[in-house]
Amino acid sequence: MRPPSVDGLARTLSDTGLPHPLLVDVAREAIAAGDVDSARSRAEHVTRALLRPVVNATGVLLHTNLGRAPLAHSQPATYTNLELDLDAGRRGSRDAHAAGLLARAAGAEAALVVNNGAAAVLLVLAALARGRAVVVSRGELVEIGGGFRVPEVMAESGARLVEVGTTNRTRLDDYRSAVARDDPALVLKVHQSNYRIVGFTEAVDVAALAALGVPLVVDLGSGLLDSATPWLAAGPPAWLASEPAVRQTLAGGAGLVTFSGDKLLGGPQAGVVAGRADLVRACARHPLARALRPGGLVLAAMQETALAYLRRDGDAIPFWRMATAPVETLRARAIALGVGETVDTAAVAGAGSLPGLEIPSAGVAIEGDHTAALRAGDPPVIARVAEGRTVCDLRTVDPTDDTVLAKALLSCTT
Ligand SMILES: *Cc1c(COP(=O)(O)O)cnc(C)c1O
């Protein structure tokens, strides 16, 4: 039998919906491997590698592998006033929309939105401290997941790292000596997002650092906007504990704070620089700002998030809606699924935020490890295994996905 033509084989796969050139690649690979029958599974593999919605049943609210904060945002195919001042009819600034609203919501004089939290730190250091010293406590020379290491970012920015104190204890006098000796451009405080040092420890608070007479930058990472959580009718949930917040850090005297858009802020992947207008302006004018700027899609999503905060409407922010759903509601949903055993679970914030803190939650468990089968479903369901059982936590599942989840679990048990 003659081998099928590449083009002919590709045409038999057209029902997969993949563009013809991709199907031709798949067909060529299958023929080259001497396994024509594998063409369909190869095409399915390509489809499964596409970016697509998944059901997050892990109980990790900000799951790094699942895009951190969930967000609904759609934009019609249209032009926007991204860089047009509609009143003046002149060139405007893309920093005039979301950034200003975020600043307003956080009690900052000004703000700037960049591509992610790492970019925010890099830009601040490059714009305000290139060629000069930056003082950091040895207890805060952290690595955040994904290769973000404070000493390396510092080196990339062209600033010189001046370490003070020890791993467990850094005192105000340590900073004072460094300020007197090294004439630093900045003092940098980095939030210990993803770890805790416990026991014989000492750190200096924001107000004391701010009084040193050098601009203080606080990399908050997680981006809790206000520790009073005015967007939540019931006030701050217990699990937020003593998480530092943007508004209070600025009120304490920080010149700038930096944080991620898609952690506790619950917005799109972005980084925010907020604080003193002169410092934000210096960052916005630096050439790196152009390389790190987000596009209109991200800025529009960020604007929606900021407006929700200003309306004090936590329910409009999916992260906060999910994080604060009453556990009784989750338990009732678990029972209504009608499959598996209803179990109490512990959800977590994730993305290195609030390490060690658990949010009481509920879900269902079925016997055995079915995570691979659930992942293979459409849509894929991401669950976890505990003590030989597959556990689905409902805190991270949108209620509109409950039917899909029930069906997926049922197909595992029958
Ligand atoms: C998460 C985090 C970052 C990096 O932010 P990305 O948005 O992931 O780039 C930087 N600093 C701290 C303290 C963080 O927690």
Side-chain angles (χ1 to χ4, degrees), residues 60-71 98-99 102 106 111-126 129 134 136-157 159 161 170 186-197 203 206 209 216-225 227 240-246 248-250 254 256-275 283 288-289 291-295 298-299 301-302 305 319 348-357:
V60 181
L61 283 153
L62 305 170
H63 199 302
T64 303
N65 298 359
L66 307 179
R68 290 194 183 157
L71 198 64
L102 273 176
L112 178 69
V113 182
V114 292
N115 276 329
N116 52 39
V121 177
L122 177 66
L123 178 60
V124 166
L125 294 175
V134 175
V136 190
S137 159
R138 289 198 171 88
E140 297 170 1
L141 293 173
V142 305
E143 171 170 331
I144 313 295
F148 176 91
R149 293 175 139 189
V150 169
E152 288 170 7
V153 174
M154 190 80 74
E156 283 304 318
S157 74
L161 172 63
T170 303
L186 302 170
V187 170
L188 174 66
K189 187 174 176 62
V190 184
H191 177 39
Q192 299 170 345
S193 304
N194 51 6
Y195 70 107
R196 292 280 179 267
I197 297 180
V206 166
L209 291 179
L216 171 65
V217 174
V218 182
D219 178 19
L220 281 172
S222 349
L224 175 64
L225 219 47
S227 55
L240 265 183
S242 52
E243 177 68 15
V246 175
Q248 284 73 22
T249 303
L250 290 172
L256 285 181
V257 296
T258 56
F259 54 95
S260 296
D262 52 357
K263 293 183 180 171
L264 297 181
L265 191 72
Q269 181 197 300
V272 183
V273 178
C283 293
L288 258 185
L292 301 175
R293 72 182 193 183
V298 165
L299 290 172
M302 194 56 117
T305 306
F319 166 77
V348 295
S353 305
L354 309 173
L357 294 174

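Both ligands and their constituent atoms are indexed starting at 1 by order of listing. None of these values were measured; they are calculated from a predicted model.
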Practice item. Using distance alone, decide if ligand 1 has a nitrogen or oxygen within less than 3.5 Å of any nitrogen or oxygen in Lys263. Key: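 Yes; at least one N/O pair falls below 3.5 Å.
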Point to revise | Glu140 and His191: side chain donor to acceptor below 3.5 Å | key: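 Distance-only check fails for Glu140 and His191.
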Check your understanding: For residues Glu243 and Ser227, is any side-chain donor paired with an opposing acceptor at under 3.5 Å?
Key ->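 There is no such pair between these side chains.
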Looking only at heavy atoms, what is the nearest atom pair of [X] and [Y], with distance?
| X | Y | result |
| --- | --- | --- |
| Val348 | Leu357 | CG1-O, 3.8 Å |
| Gly139 | Ile197 | O-CD1, 4.1 Å |
| Val273 | Cys283 | CG1-SG, 4.4 Å |

Looking at ligand 1, would [X] count as a contact under a 4.0 Å heavy-atom criterion?
| X | value |
| --- | --- |
| Gln269 | no |
| Asp219 | yes |
| Arg68 | yes |

Can you list the ligand 1 atoms lying under 4.0 Å from a non-hydrogen atom of [X]?
| X | result |
| --- | --- |
| Ser260 | 1 (C), 5 (O), 6 (P), 7 (O) |
| Gly117 | 5 (O), 6 (P), 7 (O), 9 (O) |
| His191 | 13 (C) |
| Ala118 | 4 (C), 5 (O), 6 (P), 9 (O) |
| Asn116 | 7 (O), 9 (O) |

Review point. Backbone N or O of Asn115 within a donor-acceptor pair of the Gln269 side chain at under 3.5 Å?
Key: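 The answer is yes, because a donor-acceptor pair under 3.5 Å joins these two groups.
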Exercise for review: Find the distance between CG (Leu264) and CG (Leu225) and round it off to the nearest 0.5 Å.
Suggested key: 10.5 Å
